[in-house]
Each structure stands twice: as structure tokens, then as C-alpha cells.
Amino acid sequence: MPNRIRGEAGLTAGGCSYRLLLTLGALAEIEDGLGLANLSDVAARLKTVRAADLAVVAAALLRGGGHEFEPADVLRLPCDLGTLVIAVAAAFDAAGLEPGSNGGDTTRPFAGATG
């Protein structure tokens with residue numbers, strides 16, 4: 001079970017539970033994996049994410065949570081796209097990047113993507 005106080009989010013796939021955590025290392029991996037120049041580009045880039053981008057982000061968050069995942073491993077997870085998007089968005093929310101946490105800015109990653 002994820003520890004929300006620590007900023008963790010959960011993902012259940014194929015009967016297994018995983019923790020996702022947005023660490024500084026995960027952010028660096030996301031920047032590098034998506035070819036971004038800096039942190040300010042992350043939210044804008046993730047608003048129109050491709051499946052391969054989602055795999056990069058999810059793998060970084062899963063590694064932040066202590067799991068050994070590469071983007072190709074994420075693509076083989078037995079879960080639907082909505083479940084994965086919700087888990088990734090929850091990890092950003094748990095890190096304090098929920099809507100309104102930055103003065104009402106709704107530029108968080110995956111804004112509106114799940115509902």
C-alpha cells in the first residue's frame with residue numbers, strides 16, 4: 001500500500017501492487033527520457049503524452065518507488081491505459097503537483113486525461 005505521506009502512489013497490475021514515487025532522480029529521468037530542457041517543460045510536455053512517453057514517465061516513477069522497471073517493461077504490464085494514467089497522475093498529485101498547488105495553475109501533467 002502506498003504511503004501518501006511520503007508522496008507515494010499505487011498501481012495494481014496483473015495482481016501485483018507497485019509504488020510510484022516522484023523523486024528528484026525520477027524527475028531527471030523524465031527530463032532526459034522526454035528530451036526536455038528543464039523542469040518547467042515537464043507539465044506542458046505531459047499534457048499531450050504519447051504511449052512511449054507514458055512508459056518513460058511510469059518507469060521513472062516506478063524506479064523512484066523502488067522497482068526495477070524500464071519503459072519496455074511498463075508497456076508489458078497487464079493493465080489498461082486508464083489505470084496507468086491514473087497511477088501516474090496520482091504520483092504527481094502525491095508529490096504536491098495537484099491542481100491549485102501552484103496558485104491555481106492547472107498545467108499539471110495529465111490534467112483532464114483521466115476523466
Side-chain angles (χ1 to χ4, degrees):
M1 173 174 270
N3 183 340
R4 295 263 318 154
I5 294 173
R6 291 185 54 203
E8 296 173 351
L11 169 68
T12 300
C16 296
S17 296
Y18 302 97
R19 287 179 296 134
L20 292 85
L21 182 62
L22 184 60
T23 63
L24 186 57
L27 276 172
E29 289 181 28
I30 292 167
E31 283 178 354
D32 287 346
L34 300 181
L36 302 174
N38 58 59
L39 278 177
S40 64
D41 295 340
V42 172
R45 179 68 166 86
L46 293 180
K47 287 180 83 175
T48 57
V49 67
R50 300 175 310 139
D53 296 341
L54 180 60
V56 167
V57 173
L61 294 172
L62 285 161
R63 283 193 295 276
H67 307 283
E68 291 299 322
F69 267 83
E70 295 298 325
D73 301 321
V74 172
L75 295 174
R76 289 190 290 269
L77 279 173
C79 69
D80 62 78
L81 179 61
T83 299
L84 187 58
V85 169
I86 289 169
V88 169
F92 279 90
D93 286 348
L97 300 176
E98 69 273 1
S101 68
N102 51 1
D105 188 339
T106 58
T107 59
R108 73 178 177 120
F110 305 106
T114 59

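We're numbering straight along the sequence, starting at 1. Values in this document were obtained by computation on a predicted structure and should not be read as measured data.
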When the side chains of residues 9-22 are checked against the rest of the protein, which donor-acceptor pairs come out under 3.5 Å, sequence neighbours left out?
| from | atom 1 | to | atom 2 | distance (Å) |
| --- | --- | --- | --- | --- |
| Arg19 | NH1 | Glu8 | OE2 | 3.0 |
| Arg19 | NH2 | Gly65 | O | 3.0 |

- Which pairs, with at least one residue in residues 28-57 and sequence neighbours excluded, count as a ring pair (Phe, Tyr, Trp, His ring centres under 6.0 Å)?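 Non-adjacent pairs meeting ring pair (Phe, Tyr, Trp, His ring centres under 6.0 Å): zero.
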
- Message: Strictly by ring pair (Phe, Tyr, Trp, His ring centres under 6.0 Å), give each pair with a member in residues 20-55 just once, sequence neighbours left out.
- Response: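 Every candidate ring pair (Phe, Tyr, Trp, His ring centres under 6.0 Å) pair involving residues 20-55 fails, so no pair, neighbours aside, qualifies.
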
Donor-acceptor pairs under 3.5 Å, side chain of residues 25-36 to any protein atom, not counting sequence neighbours: which ones?
| from | atom 1 | to | atom 2 | distance (Å) |
| --- | --- | --- | --- | --- |
| Glu29 | OE1 | Arg63 | NE | 2.8 |
| Glu29 | OE1 | Arg63 | NH2 | 2.2 |
| Glu31 | OE2 | Leu39 | N | 3.0 |

- Item | Pairs involving residues 9-18, ordered by first then second residue, that meet salt bridge (charged side-chain N to carboxylate O under 4.0 Å, His left out) (sequence neighbours left out) |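 Sorted result for residues 9-18: empty, none.
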
- Do you know which two heavy atoms are closest between Pro71 and Ala55, and how far apart they sit?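 That closest heavy-atom pairing would be O-CB, 3.6 Å.
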
- Go through the structure and list residues passing side chain to side chain donor-acceptor pair (under 3.5 Å) with Asp73, not counting sequence neighbours.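 With neighbours one apart ignored, the set is Arg76.
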
- Task: To the nearest 0.5 angstrom, please state how far the CG atom of Leu84 sits from the CG atom of Leu54.
- Result: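 Going from CG on Leu84 over to CG on Leu54, the span is 4.5 Å.
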
- Query: Given side chains that start at C-beta, do those of Val49 and Val88 come closer than 4.5 Å, heavy atoms only?
  - Reply: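 Val49 does not reach Val88 side chain to side chain.
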
- Message: Is there a side-chain contact between Phe69 and Leu61 in this structure, where contact means two heavy atoms from C-beta onward sitting under 4.5 Å apart?
- Response: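 No, their side chains stay 4.5 Å or more apart.
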
